[in-house]
Amino acid sequence: MLISDFRPSESFLTDYLTGPWKNFTVSEVNHEIYPVTTYSYLSTLILMFLITDFIRYKPIIILSGLSGITTFLLIIFGDMVLILQIAKFFFGLFMSAEVAYYTYIYAQVDKMHYQEVTSHTKGACLFGRSMSGIIAQLTASFDLLNYHQLNYLTLSAIGIATVWSLFLPPVGQSIYFHRTDRVSVKKSSVTIERHTAINQSQQLSNSRKSYKDSKTNSDTLLCKIKNAYALLWKHFVLAYSNYRVIKWSAWWALSTCGYLMIATYSQLLWQTAVKPGDRIYNGAVDFAYAIIGSISVFCVGRIRLNWNLLGDIMCSVFAFLQGSILLISSYSYNIQILYVSYVIFGVIYHVMVTVASFEVAKCISEDSHGLIFGVNIFLALLMQSLLTFIVVNTIMLNIRQQFYIYSGYFMVLAVIYLVPGVINIQRYRPSTTQLRIR
């Protein structure tokens, strides 16, 4: 993950595409090239998720590397909009295939190490991004490499990651299609409402019985597929029948949708505020964003708050803050303000999505982490694709108008979570003096 996330050319990709190396117009980049990644990511994610477990992860990890290599080869040598659109299609495939990294790790270790390996994976990802940002900035600032040459650094890193993936140990089991045991969903250790727990227990009992009955026929491929999708459906129903899972998953998907829009189009906004001759610090911003984000994510994992009580209102407050930041960004032509706004926006997103992930994890089976992750990301991409189709490809708004719309998106999100937040606090009001920090 560290090597594959080392992509220094991405910090200056927009300036590279609109600069003398490619000479694409801002409109072409905004409306014709960048949207392809969104649509490709969405269309390939479902396929990747369904076949990754079946073919045991490693082939998809290799495919991810090959897609990344193809992407940057096309970016380096392509000089037509169509070729760059193909490159962005492969980049969407590259991103969707990354789901194999996470599920591969879960399949290789015991459940008791899930939290540990998840933190290591996220840490490696953020470290790779921070290193790519600072190296991109230093090489560009000291004229060691230009924006075009940075693509060769990215290509080399992905090539090394791809070669490395060839030597990964094969997986003998998987979560759904190649299980070594047929015990299905394990009940969450978190104490939930009594009637919900009883309902879940009944579903688990039925699931266990179903798998015991079908064990004798599990040698056939058809039976394996049937059993796998039956278990997958059980995990899905069990998870999304829980109100807390629905609430936090909705936040996860909605906020991720907005974040992906901002991450994709921020460089276009920054271009409008850069004066001729000004030095660009996109790499330094990516470095600061990754480092501050990783520290913040680590800290929030250590803070004990009653998220059942404060979760909705915190989501509302932070969504309002994000909307305000985007509103300011849509009007500001001060590049320093835009840089700082981007860092704050990104840190808020990662903090709250981390909260959402561990709150969801408390209420679901350990085996279904990858499933819920995939479903929530798919919903985020579905909404992002819809937003992209309307705002970018249909209405054809310019970049500042787009950020104004994204600001309204987060304001609406703030209102949505404000209502249940206030109701929740009012419900607990008589006992607020006895509120314990959990």
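We number each residue from 1, following the sequence as shown. None of these values were measured; they are calculated from a predicted model.
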Q: What's the shortest heavy-atom distance between L371 and H235, and which atoms?
A: CD2-CB, 3.6 Å

Q: Taking the side chain from T256 and the backbone from A253, do they hold a donor-acceptor pair closer than 3.5 Å?
A: no

Q: Give a yes or no on whether the backbone of L254 and the side-chain of Y409 come within a donor-acceptor separation of less than 3.5 Å.
A: yes

Q: For G283 and Q137, work out which heavy atoms get closest and say how close.
A: N-OE1, 3.1 Å

Q: Would you indicate whether the side-chain heavy atoms of L268 and V29 approach each other to under 4.5 Å?
A: yes

Q: Taking C-beta and beyond as the side chain, do F373 and W252 meet within less than 4.5 Å on heavy atoms?
A: yes

Q: From N151 CG over to L73 CG, what is the distance, rounded to the nearest 0.5 angstrom?
A: 10.0 Å

Q: If I take atom OH from residue Y342 and atom CG from residue N282, how far apart are they, to the nearest 0.5 angstrom?
A: 9.5 Å

Q: For a side-chain hydrogen bond (donor to acceptor under 3.5 Å, both in side chains) with Y34, tell me which candidate from T264, T14, T388 qualifies.
A: T14

Q: As a quick check of understanding, evaluate ring-ring contact (aromatic ring centres under 6.0 Å, His included) for Y349 and Y259, giving each step before the final call.
A: CA-CA 7 Å; Y349 164 75; Y259 165 77; 4.1 Å; yes

Q: Would a 4.5 Å heavy-atom cut-off, applied to side chains only, mark L138 and L144 as touching?
A: no

Q: Would you say that M383 contacts L386 through its side chain, given a criterion of any heavy-atom pair below 4.5 Å between the two side chains?
A: no

Q: Listing request: all side-chain hydrogen bond (donor to acceptor under 3.5 Å, both in side chains) pairs with a residue in residues 72-95, at least two apart in sequence or in separate chains.
A: none

Q: Looking at every non-hydrogen atom in both residues, tell me the closest pair between S40 and L93 and how far apart they are.
A: OG-N, 3.5 Å

Q: Return the CD1 to CG distance between I75 and L155, rounded to the nearest 0.5 Å.
A: 10.0 Å

Q: Take I51 and I60, measure what side chain to side chain contact (heavy atoms under 4.5 Å, CB included) needs, and give me the verdict at the end.
A: CA-CA 9 Å; I51 69 173; I60 302 299; 3.8 Å; yes

Q: Would you find a donor on one side and an acceptor on the other, under 3.5 Å apart, between the side chain of S266 and the backbone of I262?
A: yes

Q: What do the steps show when you test Y147 against S9 for side chain to side chain contact (heavy atoms under 4.5 Å, CB included), and what is the final call?
A: CA-CA 7 Å; Y147 299 159; S9 60; over 6 Å; no

Q: Name the orientation class of the two ring planes belonging to Y339 and W270 (parallel below 30°, tilted from 30 to 60°, perpendicular beyond 60°).
A: perpendicular

Q: Determine yes or no for a side-chain-to-main-chain donor-acceptor pair under 3.5 angstrom, with K58 supplying the side chain and P169 the backbone.
A: no

Q: Going by heavy atoms in the side chains, are P35 and Y265 under 4.5 Å from each other?
A: yes

Q: Sequence neighbours excluded and cut-off under 3.5 Å, please list the side-chain donor-acceptor pairs for residues 311-325, or say none.
A:
from : atom 1 : to   : atom 2 : distance (Å)
S316 : OG     : A414 : O      : 2.7
S324 : OG     : F320 : O      : 2.9

Q: Nearest 0.5 Å, what's the OH-OG distance between Y289 and S294?
A: 10.5 Å

Q: If I take atom CG from residue L13 and atom CZ from residue R7, how far apart are they, to the nearest 0.5 angstrom?
A: 11.0 Å

Q: What is the ring orientation for Y240 with F236, classed by angle as parallel under 30°, tilted 30 to 60°, or perpendicular over 60°?
A: tilted

Q: Within 45° of the axis and under 6.0 Å from the centre of the six-membered ring of F287, does NZ or CZ of R129 qualify?
A: no

Q: Just to verify, what does F410 make a ring-ring contact (aromatic ring centres under 6.0 Å, His included) with, not counting sequence neighbours?
A: F345

Q: Could you go step by step and tell me if N30 and Q402 meet the side-chain hydrogen bond (donor to acceptor under 3.5 Å, both in side chains) rule?
A: CA-CA 11 Å; N30 188 6; Q402 288 178 38; 3.3 Å; yes

Q: For L84 versus I33, what's the shortest heavy-atom pair and its separation?
A: CB-CD1, 4.0 Å

Q: Evaluate the criterion side chain to side chain contact (heavy atoms under 4.5 Å, CB included) for residue pair I372 and S249; output intermediate values, then yes/no.
A: CA-CA 8 Å; I372 304 307; S249 292; 4.3 Å; yes

Q: Within a strict 4.5 Å, meaning less than it, do heavy atoms of the V353 and S255 side chains meet?
A: yes

Q: Could you please spell out the steps behind the side chain to side chain contact (heavy atoms under 4.5 Å, CB included) verdict for S332 and L338?
A: CA-CA 7 Å; S332 176; L338 296 182; 4.2 Å; yes

Q: Would you compute the distance between atom SG of C363 and atom CG of N242 and round it to the nearest 0.5 angstrom?
A: 4.5 Å

Q: Can a donor-acceptor pair be found, under 3.5 Å and without considering hydrogens, that links the side chain of H31 to the backbone of V392?
A: yes

Q: Work out which heavy atom in M48 is nearest to a heavy atom in S96; give both atom names and the distance.
A: CG-OG, 3.5 Å

Q: For side-chain hydrogen bond (donor to acceptor under 3.5 Å, both in side chains), just list the numbers for T38 and Q384, CA-CA rounded to whole Å, side-chain angles, deciding distance to a tenth of an Å, and then say yes or no.
A: CA-CA 7 Å; T38 300; Q384 184 197 7; 3.2 Å; yes

Q: Compare every heavy atom of F12 with every heavy atom of Q267, then report the nearest pair and how far apart it is.
A: OE1-C, 3.8 Å

Q: So Y331 and L327, do their side chains get closer than 4.5 Å, heavy atoms only?
A: yes

Q: Could you go through the side-chain hydrogen bond (donor to acceptor under 3.5 Å, both in side chains) check for N398 and Y404 one step at a time?
A: CA-CA 10 Å; N398 65 44; Y404 185 81; over 6 Å; no

Q: May I ask you to test the T44-M95 pair for a side-chain heavy-atom distance under 4.5 Å?
A: no

Q: Look at atom CZ of F389 and say whether more than 12 heavy atoms of other residues, nucleotides or ligands are closer to it than 6.0 Å.
A: no

